[in-house]
Amino acid sequence: MKAENEQRAGLLYGFGAYGMWGLVPLFWPLLMPAGAVEILAHRMTWSLAVVGLALLAVRRWGWIRKLMRQPRKLGLTALAASVISVNWGLYIWSVNNGHVVESSLGYFINPLVSIAMGVLVLGERLRRAQWVAVGISFVAVLVLAIGYGRPPWISLVLACSFATYGLIKKKLNMGGLESLAAETAMLFLPALGYLLWLGAQGRSTFASQGVGHALLLAATGLVTAVPLVFFGAAAIRVPLSTLGLLQYMAPVFQFGLGVLYFHEAMPPERWAGFSLVWAALALLTWDALRTARRSRARLEAVPVVVPAPAREPA
């Protein structure tokens, strides 16, 4: 019963995390007339405040001393911070400039880019179905490039930056709260410096657009941290295969918002490109579930050997 309750709680946390990530395109336009870089700087600054309070609540500080003694981990953390700042900044810009659908595509193809990186960077071997899925996604990008009249750069940069971020995080092997704290700590001074410079130039919207606008900018810290906390709670309660299926919620919500709420154009060639991406993801999901089922069956088929009791000496 306890295990079932834990799994149910994990599913709720997972739905909450990916649901918030899926609905976040509704939030960024509320921050206008602030530009994408100003919003990004506030997100970096207020995220550190939120995770700092969270660490204070759980009294988890020992990891800082260990991190400071490991130059390689510090370097990887700085690289992760740089990559995620590109991802965050481009995503905010794309939503506020009418590219919600194209940005959702980036998170649809992210698993496929991660697989390609596994082959190119880590030397991983792919199963046949995975090769087919990657091939279909390559054709999809070509179809979309024809539809847009250019390569879907927003989608590709978002997918590649987030896949790179995931690869770095895998090598870092730090907890979600701790790694976010370290990354935002490294981004804090440049972000704060930029905000102070904006203020000195009279171009900051934080103080000039009223209390409501200032509170919304401060809320970027919560918008960043809360889904990550929910994700961390889900990750320790549900199987990785379940979490992998839940990840498609966010781009589905984003795509739906782009088409139905923001009324972005979807000519036939874009529908064709997205359909190919969805077909590749369906194949990838089917292959992952089949592989997990076979692995589980093999484990269950292995006989359990019970050691014979030791004989007492005569």
Distance in Å, [X] [atom1] paired with [Y] [atom2], rounded so as to fall on 0.5 Å steps:
{"X": "Leu76", "Y": "Ser179", "atom1": "CG", "atom2": "OG", "answer": "12.0 Å"}
{"X": "Lys73", "Y": "Thr77", "atom1": "NZ", "atom2": "OG1", "answer": "7.5 Å"}
{"X": "Ile64", "Y": "Lys66", "atom1": "CD1", "atom2": "NZ", "answer": "12.0 Å"}
{"X": "Leu158", "Y": "Ser104", "atom1": "CG", "atom2": "OG", "answer": "10.0 Å"}

Counting C-beta onward and ignoring hydrogens, is there a side-chain heavy-atom pair between [X] and [Y] closer than 4.5 Å?
{"X": "Ile154", "Y": "Trp93", "value": "yes"}
{"X": "Val24", "Y": "Tyr91", "value": "yes"}
{"X": "Val95", "Y": "Phe27", "value": "no"}
{"X": "Trp61", "Y": "Leu56", "value": "yes"}
{"X": "Leu281", "Y": "Pro111", "value": "yes"}
{"X": "Tyr18", "Y": "Gln247", "value": "yes"}
{"X": "Tyr194", "Y": "His42", "value": "no"}
{"X": "Val51", "Y": "Trp46", "value": "no"}

Looking at every heavy atom in both [X] and [Y], which two are closest together, and how far apart are they?
{"X": "Val277", "Y": "Phe108", "value": "CG1-CB, 3.9 Å"}
{"X": "Val50", "Y": "Leu222", "value": "CG2-N, 3.9 Å"}
{"X": "Trp153", "Y": "Glu102", "value": "N-OE2, 3.6 Å"}
{"X": "Asn97", "Y": "His99", "value": "O-CD2, 3.2 Å"}
{"X": "Ile84", "Y": "Ala81", "value": "CG2-O, 3.4 Å"}
{"X": "Gly19", "Y": "Met249", "value": "N-CE, 3.8 Å"}

Applying side-chain contact (heavy atoms from CB on, under 4.5 Å), run through Leu156 and Ile109 and close with a yes or a no. CA-CA 8 Å; Leu156 294 172; Ile109 66 175; 4.1 Å; yes
Using ring centroids (six-membered ring only for Trp), state whether [Y] and [X] fall under 6.0 Å.
{"X": "Phe255", "Y": "Trp278", "answer": "yes"}
{"X": "His213", "Y": "Phe206", "answer": "no"}
{"X": "Tyr248", "Y": "Trp21", "answer": "no"}

For side-chain contact (heavy atoms from CB on, under 4.5 Å), just list the numbers for Val83 and Asn87, CA-CA rounded to whole Å, side-chain angles, deciding distance to a tenth of an Å, and then say yes or no. CA-CA 6 Å; Val83 171; Asn87 183 274; 5.7 Å; no
Heavy atoms of other groups near [X] [atom1], more than 12 under 6.0 Å:
{"X": "Arg150", "atom1": "CZ", "value": "yes"}
{"X": "Trp197", "atom1": "CH2", "value": "yes"}
{"X": "Met266", "atom1": "CE", "value": "yes"}
{"X": "Phe274", "atom1": "CZ", "value": "yes"}
{"X": "Tyr107", "atom1": "OH", "value": "yes"}
{"X": "Trp131", "atom1": "CH2", "value": "no"}

Sequence neighbours excluded and cut-off under 3.5 Å, please list the side-chain donor-acceptor pairs for residues 224-231, or say none.
residue	atom	partner	partner atom	Å
Thr224	OG1	Arg43	NE	2.6
Thr224	OG1	Ser47	OG	3.4
Thr224	OG1	Thr220	O	2.9

Pair listing, salt bridge (Lys or Arg N to Asp or Glu O under 4.0 Å) test, anchored in residues 197-225, at least two apart: none
Determine which pairs satisfy salt bridge (Lys or Arg N to Asp or Glu O under 4.0 Å) with at least one residue from residues 264-290, sequence neighbours left out, and list them in order. Arg127-Asp287, Asp287-Arg290
Cluster check [X], [Y]: I/L/V/M/F/W/Y, side chain < 4.5 angstrom:
{"X": "Tyr165", "Y": "Leu79", "answer": "yes"}
{"X": "Leu23", "Y": "Tyr13", "answer": "no"}
{"X": "Ile136", "Y": "Val143", "answer": "yes"}
{"X": "Leu198", "Y": "Leu192", "answer": "no"}
{"X": "Trp271", "Y": "Leu260", "answer": "yes"}

Residue pairs involving residues 135-145 (criterion side chain to side chain donor-acceptor pair (under 3.5 Å); sequence neighbours excluded): none
Please assess Leu284 against Ile115 for the test side-chain contact (heavy atoms from CB on, under 4.5 Å), listing each intermediate value before the final yes or no. CA-CA 10 Å; Leu284 204 62; Ile115 287 173; 3.2 Å; yes
Can you sort out the partners of Asn110 under side chain to side chain donor-acceptor pair (under 3.5 Å), two or more places apart, ordered by chain and number? none
Any chance you could lay out the side-chain contact (heavy atoms from CB on, under 4.5 Å) test for Phe162 and Val86, step after step, and finish with the verdict? CA-CA 9 Å; Phe162 202 71; Val86 170; over 6 Å; no
List the atom pairs, with distances to 0.1 Å, where a side-chain N or O of residues 28-40 and a protein N or O form a donor-acceptor pair under 3.5 Å, not counting sequence neighbours.
residue	atom	partner	partner atom	Å
Glu38	OE1	Thr205	OG1	3.3
Glu38	OE2	Thr205	N	3.0
Glu38	OE2	Thr205	OG1	3.0

